[in-house]
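Every chain is numbered from 1 and lettered A, B, ... according to where its sequence line falls, protein lines coming before strand lines. Since we're looking at a predicted model, the values are computed, not measured.
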Amino acid sequence: MRLVILEDYDQASEWAAKYICNRIIQFKPSQGRYFTLGLPTGSTPLGCYKKLIEYHKNGDLSFKYVKTFNMDEYVGLPRNHPESYHSYMWNNFFKHIDIDPNNAHILDGNAPDLQAECDAFEKKIEEAGGIDLFVGGIGPDGHIAFNEPGSSLSSRTRLKTLAMDTILANAKYFDGDLSKVPTMALTVGVGTVMDAREVMILITGAHKAFALYKAIEEGVNHMWTVSAFQQHPRTIFVCDEDATLELRVKTVKYFKGLMHVHNKLVDPLYSMKEN
Amino acid sequence: MPSNKSVSDAPIVQFTNCRILRSHQLQREDLWVREGKILNPEKLFFDEKGSADIQLDCKDSIITPGFIDVQINGGFGVDFSLATDDFKSGIDLVSQKILSHGVTSFCPTLVTSPPSVYHQVLPQISIRNGGAHGAGILGAHLEGPFISKEKKGAHPEHCLRTFEAGAFQDLLATYGSLDCVRIVTLAPEMKRSSEVIQELTKRGICVSLGHSVANLSQAEEAVQHGATFITHLFNAMLPFHHRDPGIVGLLTSDKIPAGRRVFYGMISDGIHTNPAALRIAHRAHPKGLVLVTDAIAGMGLAPGRHTLGQQVVEIDGLNTYIAGTKTLSGSVATMDTCVRHFQEATGCSVETALEAASLHPAQLLGIEHKKGTLNYDSDAGTGMGTMV
């Protein structure tokens, strides 16, 4: 794995955005040759989305030939509810960029047959040629998407009941009222994300530090599902200083020492204007 | 652009780089319009998989809901209280020209006139939607003739009437038809006014109190029977008195039926109302304030003599008087200057000033689900401009 450690949230967000930007541009997407991106929600990626929007508004990055697949969506929450992941993606990303609405895929948590919806989602990913870069976050309980502790590391897109840790973490989006937080969600499986050609996990903040430690310094374990990516050939963890608080000094020093190598991935920052 | 899931082939316009008035705030959001209605872009994206056909850069302008003028007697040489042969083209002219003032809907107002005028003019007024051709017509505002002699202002005394004998039937006979009437201003102290107010309210016509010497209890009784508006507050009514606030007292009356709000028209041209009085009214009852122009035929024209129904008025700068007197008669203010003056005089926010000319008149007329806001699915009669 690459462990890219930046000083704070803003710098981590910017590094991640630059990396995504460069990957899309270097891929040279065009009609019939789309770049497929897996996308997360939550507070961690907000800064990254803001930077990507900035690159788009400057004319440096277009999403015209990008297809996106979101990781998850609540079950039973109306799509236009302000806390649904559809609303999140519209307000924080889609409405600011030039993506074709037909290419933005989010699971429908109100589908009449939830498992059929999940199977259809897997099929759409397959038809799109698989995911080039899956961006994700990590829960305080070490989960990737809504693959809660105990999820099979070979799992595919399916319905999951949320763990208490997750419900508590999400309560802040529902006026702190636990009874308002949805208890079920549709989510891509660990196996689904593992199929991506490249995975980038964003981890910021001290409250995620223990989960990061469990994910990269302990063994592969279905109780900390992000640990599965130890077995993926191309994974990048992008984090800030606070997220490294539970890691060994040796681990942190090693990867910090590699920053000059990591930075070659984002510097120079490409622009579509040059094409 | 239309996709195979579109509900319509009509082009979609996206206004970008603008601030829109929504939920009582100026928000940095794009505005999406299709076929004269404000569109919900999130629904468009996810349901229809649609996107904009045309994007317009508004260069940081404010987009406000179109202004609604519920008291305008004419303009640009046109007098709504004169039964001329080319009345229809006159109303079309005014409706087209007030668009540049930001007004997208209005109530052509008739001052006290003889019955023959109403019988000739009212059938020529039709309720219609606005568009690029001109502001929409919401219906006529009949200011008089059932008003007080002592507070007639610029209205001709020989045309004043009462409905003592036949109440509502008298009113109907005078006007001829109420089909396109939206607002009636009357003096509630007149005998049998309660019956008339009830009957008008039942027909969905907004009753406004004005040109009256009513005391507070008479005004409150009128409100209880259905009156919801006050015509140009302070003007043509008894002045506020601390032991009987009169009609002005309605702003803070505790006898307003639950769930109802009394609105009041304000001519904020800097002449009809002293800024201090404007501030008192605004602070006492900010949610009821409705900006009106009370504009007359001379609005938009050079100073000089013009008509206001049966009277001749003289315009000197912003002042409009009955010729040879110091009696104010209407104004030559435009709605956008009224909005600016209101904002400057009260120091209120831009949002508040804009709402006084859009949301509040829409609420007065019960049409806020369609007009007066930039909410999704409402009519897209919008104005654009920069406010200082």
Side-chain angles (χ1 to χ4, degrees), chain A residues 31 34 37 39 41 46 49-50 53-54 56-59 62-70 72-75 77-112 117 120-121 124 127-128 186, chain B residues 1-35 37-61 63 369 373-378 380 382:
Chain A
Q31 181 66 34
Y34 288 81
L37 198 52
L39 293 177
T41 53
L46 281 175
Y49 283 132
K50 281 203 172 75
I53 291 166
E54 189 187 303
H56 169 68
K57 291 225 188 297
N58 289 341
S62 163
F63 291 86
K64 197 164 169 213
Y65 298 115
V66 173
K67 284 188 177 164
T68 64
F69 291 88
N70 264 67
D72 41 25
E73 173 61 285
Y74 290 118
V75 164
L77 203 60
R79 196 196 63 207
N80 60 2
H81 188 285
E83 293 304 327
S84 81
Y85 287 166
H86 280 79
S87 295
Y88 176 102
M89 289 308 297
W90 169 255
N91 284 313
N92 294 309
F93 199 47
F94 295 146
K95 82 175 174 194
H96 305 280
I97 60 172
D98 62 342
I99 189 167
D100 181 335
N102 288 297
N103 292 335
H105 303 280
I106 308 180
L107 285 155
D108 177 7
N110 293 302
E117 170 69 12
F121 200 73
K124 279 187 206 148
E127 280 161 3
L186 301 184
Chain B
M1 85 179 48
S3 69
N4 52 11
K5 289 190 180 173
S6 285
V7 302
S8 158
D9 280 336
I12 296 166
V13 181
Q14 179 189 5
F15 296 90
T16 64
N17 193 13
C18 53
R19 286 167 288 156
I20 67 173
L21 180 61
R22 187 175 279 163
S23 306
H24 313 297
Q25 282 182 319
L26 281 177
Q27 304 178 351
R28 194 155 264 296
E29 290 282 352
D30 293 346
L31 188 77
W32 298 64
V33 177
R34 176 170 63 187
E35 281 183 305
K37 290 241 179 277
I38 313 255
L39 213 51
N40 180 340
E42 189 177 342
K43 214 155 170 268
L44 175 72
F45 187 88
F46 289 124
D47 276 344
E48 294 183 50
K49 312 278 185 217
S51 50
D53 294 292
I54 304 163
Q55 286 184 319
L56 291 175
D57 184 340
C58 300
K59 307 208 192 321
D60 206 29
S61 298
I63 300 191
H369 53 284
T373 71
L374 296 176
N375 293 340
Y376 301 141
D377 296 331
S378 62
T382 56

Point-to-point distance, once rounded to the nearest 0.5 Å, from CZ of B:F45 to CG of A:D100: 8.0 Å
Which heavy atom in B:G50 sits nearest to a heavy atom in A:P101, and how many Å separate them? O-CG, 3.4 Å
May I ask you to test the A:N80-B:F46 pair for a side-chain heavy-atom distance under 4.5 Å? no
When the 4.5 angstrom heavy-atom criterion is applied to A:I106 and chain B, the contacting part is side chain
Salt bridge (charged side-chain N to carboxylate O under 4.0 Å, His left out) with B:K43: which residues, sequence neighbours excluded? none
How would you list, by chain and number, every residue that makes a side-chain hydrogen bond (donor to acceptor under 3.5 Å, both in side chains) with A:E117, sequence neighbours excluded? none
Those residues of residues 86-95 of chain A, ordered by number, that approach chain B below 4.5 Å (heavy atom to heavy atom): A:H86, A:S87, A:W90, A:F94, A:K95
Using the salt bridge (Lys or Arg N to Asp or Glu O under 4.0 Å) rule, collect all pairs that involve residues 79-90 of chain A, keeping only residues at least two apart or in two chains. A:R79-B:D47
Check this for me: A:K124, atom NZ, are more than 12 non-hydrogen atoms of other residues, nucleotides or ligands nearer than 6.0 Å? yes
